[in-house]
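Below you'll find the structure, written out as structure tokens, and then a few comments.
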Amino acid sequence: MANLSALARMLSQALGQIDSFVTDLAEGDHLQSDKGADDLPNRLAGLHMWLSDAQGQAKALMRALEQAHQLLGPLSYKD
């Protein structure tokens, strides 16, 4: 259970890093869209929105797994 919580934490961090990386590329004028220049701003805004949403979901998953881990702690097998 602890490993699942750690994975969710790493997922949240990775999503934030991807968002930061893409933002830095965009601010440095290093990105383009195959759909045309007019497509890029909306595409980047949508990407940021969904990465932020996914990061929030990963954080919620991490918290839920941490709570489940705490509740599992005192349980043991009984013959």
Side-chain angles (χ1 to χ4, degrees):
M1 204 63 174
N3 288 339
L4 290 174
S5 177
L7 283 173
R9 182 179 301 109
M10 287 186 277
L11 176 59
S12 174
Q13 291 171 349
L15 293 166
Q17 290 169 354
I18 291 168
D19 191 32
S20 293
F21 180 68
V22 171
T23 298
D24 289 346
L25 288 175
E27 289 174 354
D29 197 29
H30 297 293
L31 290 178
Q32 64 183 11
S33 172
D34 292 345
K35 305 282 184 182
D38 293 339
D39 178 65
L40 187 60
N42 287 337
R43 188 164 299 277
L44 290 173
L47 178 63
H48 173 71
M49 179 187 73
W50 288 112
L51 284 173
S52 295
D53 183 64
Q55 189 176 16
Q57 297 290 338
K59 287 179 182 179
L61 176 61
M62 179 192 66
R63 286 190 297 272
L65 290 169
E66 286 173 349
Q67 290 298 317
H69 184 230
Q70 288 179 7
L71 292 168
L72 277 172
L75 299 180
S76 60
Y77 179 77
K78 179 176 97 172
D79 282 331

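In this text, all values refer to a predicted model and were calculated from it rather than measured experimentally. Here, residue 1 is the first one in the sequence, and each next residue gets the next number.
- Linking Ile, Leu, Val, Met, Phe, Trp and Tyr whenever their side-chain heavy atoms come within less than 4.5 Å puts Leu40 and Leu51 in one cluster.
- Judged as a salt bridge (charged side-chain N to carboxylate O under 4.0 Å, His left out), and not counting sequence neighbours, the contacts of Asp39 are Arg43.
- Residues Leu44 and Trp50 do not share a hydrophobic cluster, clusters being chains of Ile/Leu/Val/Met/Phe/Trp/Tyr side chains in contact below 4.5 Å.
- For the atom pair OG1 of Thr23 and CD1 of Ile18, the computed distance is 11.5 Å after rounding to the nearest 0.5 Å.
- The hydrophobic clustering, which links ILVMFWY residues whose side-chain heavy atoms are closer than 4.5 Å, places Leu61 and Leu4 together.
- Each of Lys59, Glu66, Arg63 was checked for a side chain to side chain contact (heavy atoms under 4.5 Å, CB included) with Arg9, and the lone residue meeting it is Glu66.
- No continuous path of hydrophobic side-chain contacts links Met62 to Met1 [ILVMFWY only; heavy atoms under 4.5 Å].
- Atom CD of Gln17 sits about 9.5 Å away from atom CD of Gln55, to the nearest 0.5 Å.
- Cluster membership for Leu15 and Leu47, using ILVMFWY side-chain heavy atoms within less than 4.5 angstrom, is shared.
- Closest of all the heavy-atom pairs between Ala26 and Leu31 is N-CD1, 3.8 Å.
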